[in-house]
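Here's the structure we're looking at; comments come further down.
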Amino acid sequence: MAGNPSKSGFCIFFQPFRSRPETAGFAGFLRPDLRGCPEIGLAQQRSERWHCWRRIVAALSDAAKERGFPRERKSARVCAAKVDAVVGWIWSMPLFSQDIVDFWKFPFAGCDVLHDDDAFLLVINPALEEDERVTVLETTAGKILAAVTPSLADKAGLDRRQRFSVPVFHQKLDKAGISLHGADYLFYFCESGRIELALESEDVARHLSQRDEAVFFAFQATASEQDLDDAFVELDHWAVFGSFQQDRLVSAASAYPWRADGGNDARLADIGVLTLAEFRGRGHARRAVRTLARYIYEQGYHPQYRCQTDNVASVALAEAAGLTLFGKWRLISPDCAA
C-alpha cells in the first residue's frame with residue numbers, strides 16, 4: 001500500500017436488477033446508477049461471480065463437514081436445484097457494497113457538468129478538499145471521470161464553450177502548470193468475497209497490541225527504510241495483525257479509518273502490509289490481510305487496499321488475498337502550487 005494517505009485507486013457505479021439474469025447472456029443485468037458511468041465489463045462480471053459462488057459453495061460444504069453434518073445422498077434433480085439456488089443468490093448480489101459505490105460517486109454527483117460522453121465526464125465541484133482539487137478516476141470500462149474546483153477550472157480555461165476529450169483535458173492541465181500525482185489502484189472485497197471471508201473458521205494471524213512492542217520493533221528493525229515507508233504499517237494504528245514464523249513476527253498488516261471528510265461518511269479502513277523480504281511468497285501477508293479484513297468488517301467498516309500501479313508484488317498480494325480491483329485514482333500532485 002502507498003504510505004501517503006492522500007494517494008489512492010477506480011470505481012464501478014451500478015445497481016443490480018432484482019431478478020436473476022437469463023442464463024443465455026448478461027445484457028441488461030447492470031444499469032448505470034449515475035449518468036455517464038458505464039457498467040462493469042461483462043466478462044469480468046461473469047468470471048468474478050462464477051468463481052465466487054464456487055468458492056462459497058465449497059466453504060459451506062467444508063463447514064458442514066467440520067460440524068459433523070452427515071453427507072446425505074440426494075437425487076441429481078435436488079442437488080441441481082440447491083446449486084441453482086446458490087448461484088441465483090450470488091448472481092443477484094451487487095459486486096461491491098453500495099456504501100463503497102456511494103463513496104466514490106460523491107465527488108461527481110450533483111455537480112456542474114462541463115462535458116459528458118461515453119469516454120469522459122468532467123464536472124466542477126466547489127466542495128473538493130485542498131488535496132483533491134483535481135480528482136480523476138478511471139472506471140473498469142475505461143471511462144475517465146474528472147472533478148476540478150472552480151478556481152482550477154478557471155486557471156486551466158475549462159468551460160462549456162469547448163469540446164473536451166481526455167487528451168484535451170490533460171493538455172489544458174499541463175499548459176496551466178497543474179500536475180497530477182501518479183495513479184494508484186484501489187481494491188475491495190466484492191460482496192460474495194466478503195461472505196467467503198466470514199465463513200473462514202479461524203484466525204491465522206494474531207491481533208497485536210502494545211504488549212507486542214518489543215516484537216514489533218524487532219520486526220521493523222529488520223525491514224528496509226523503503227519497505228517501511230511504502231507499507232506504512234504501525235503498531236499504534238487502529239488495528240494491527242501479525243503472522244509469525246515460529247516465534248518471529250515476519251508479516252504485519254495494519255489499518256486506520258480513511259477519508260471521512262467533506263460530508264462523505266463511508267466507513268472505510270485503509271490497509272497497509274509489510275512482510276520481511278526473506279519470508280515473502282509463503283502466504284504470511286495473505287493471512288495477515290485476510291484476518292485483518294475480517295476484523296474490520298466486524299467493526300462495521302469496509303477494508304480498503306491501495307497500491308501504486310507499478311507495484312507488481314502488491315497487486316499480486318491483493319488478488320491472492322481475495323480482493324477485487326475497484327478502480328484507479330489520481331489526485332493533484334502535493335507539489336503542485338496551482
Side-chain angles (χ1 to χ4, degrees), residues 1-12 40-41 43-52 55 95-97 100-101 103-104 135-145 180-194 196-197 205 223-224 226-233 241 243 250-256 258-259 268-294 296 302-331:
M1 183 194 86
N4 187 341
S6 69
K7 294 158 45 177
S8 290
F10 129 22
C11 65
I12 305 156
I40 183 174
Q44 178 182 344
Q45 185 262 332
R46 179 196 295 247
S47 175
E48 179 66 34
R49 293 176 188 279
W50 175 262
H51 290 294
C52 281
R55 292 195 301 268
L95 189 57
F96 295 102
S97 164
I100 297 170
V101 174
F103 179 85
W104 292 105
T135 299
V136 181
L137 289 91
E138 181 177 345
T139 69
T140 48
K143 180 159 184 173
I144 307 297
L145 300 96
L180 300 182
H181 202 287
D184 278 19
Y185 285 137
L186 185 68
F187 291 87
Y188 294 102
F189 285 96
C190 62
E191 284 294 87
S192 48
R194 176 182 62 82
E196 181 190 353
L197 184 71
S224 69
Q226 186 63 56
D227 285 346
L228 290 170
D229 183 62
D230 290 344
F232 192 47
V233 174
F241 282 80
S243 180
V250 297
S251 182
S254 68
Y256 57 90
W258 189 77
R259 304 192 71 86
L268 307 179
D270 203 49
I271 293 176
V273 60
L274 173 62
T275 304
L276 299 181
E278 62 268 35
F279 294 96
R280 292 172 186 170
R282 305 185 190 181
H284 289 290
R286 179 185 182 276
R287 287 192 286 272
V289 168
R290 286 185 68 82
T291 308
L292 173 59
R294 189 159 58 253
I296 290 170
H302 296 281
Q304 174 178 271
Y305 183 102
R306 297 180 296 135
C307 67
Q308 296 173 339
T309 57
D310 60 355
N311 191 335
V312 178
S314 192
V315 172
L317 170 59
E319 294 171 349
L323 291 142
T324 299
L325 183 64
F326 185 77
K328 186 166 63 176
W329 191 28
R330 298 184 72 185
L331 296 175

Relative to the ring of F103, is the ring of W258 parallel (under 30°), tilted (30 to 60°) or perpendicular (over 60°)? tilted
Could you check if a side-chain atom of T135 sits within less than 4.5 angstrom of a side-chain atom of L331, using non-hydrogen atoms only? yes
Roughly how far, to the nearest 0.5 Å, is the OG1 atom of T275 from the CZ atom of R282? 11.0 Å
Checking F232 against Y256 for the ring pair (Phe, Tyr, Trp, His ring centres under 6.0 Å) test, could you report, in this order, the C-alpha distance in whole Å, the side-chain angles of both residues, the deciding distance, and whether it holds? CA-CA 11 Å; F232 192 47; Y256 57 90; 5.7 Å; yes
Could you tell me if the side chain of Y185 sits less than 4.5 Å from the side chain of T309, heavy atoms only? yes
Compare every heavy atom of H181 with every heavy atom of R330, then report the nearest pair and how far apart it is. NE-O, 2.9 Å
Results of side chain to side chain contact (heavy atoms under 4.5 Å, CB included) for S243 - residues two or more places apart only: S251, H284, R287
For a 4.5 angstrom cut-off between non-hydrogen side-chain atoms, does T291 reach F241? yes
L268 vs Y188, side chain to side chain contact (heavy atoms under 4.5 Å, CB included): CA-CA, chis, key distance, verdict: CA-CA 10 Å; L268 307 179; Y188 294 102; 3.6 Å; yes
Separation of C307 SG from L186 CG (nearest 0.5 Å): 9.0 Å
Measure the CZ-CG distance between R290 and L292 for me, rounded to the nearest 0.5 Å. 12.0 Å
Quick one: CD on E191 to OG1 on T324, what's the gap to the nearest 0.5 Å? 11.0 Å
Looking only at heavy atoms, which two atoms of V233 and S254 are closest? And how far apart? CA-OG, 3.3 Å
Starting at CG of D184, measure out to CG of D310 and round the result to the nearest 0.5 Å. 9.0 Å
Between Y305 (side chain only) and S314 (backbone N and O only), is there a donor and an acceptor less than 3.5 Å apart? yes
Listed by chain and number, what are the side-chain hydrogen bond (donor to acceptor under 3.5 Å, both in side chains) partners of S224, not counting sequence neighbours? D227
Look only at the side chain of R286 and the backbone of A320, and say whether a donor-acceptor pair between them is shorter than 3.5 Å. yes
Quick check: closest heavy atoms across V273 and L317, and the distance to 0.1 Å? CG1-CD2, 3.4 Å
First locate atom CG of L276, then atom CG of L274, and finally report the distance between them rounded to the nearest 0.5 Å. 6.5 Å
How far apart are the closest heavy atoms of F96 and F189, and which atoms are they? CD2-O, 3.8 Å
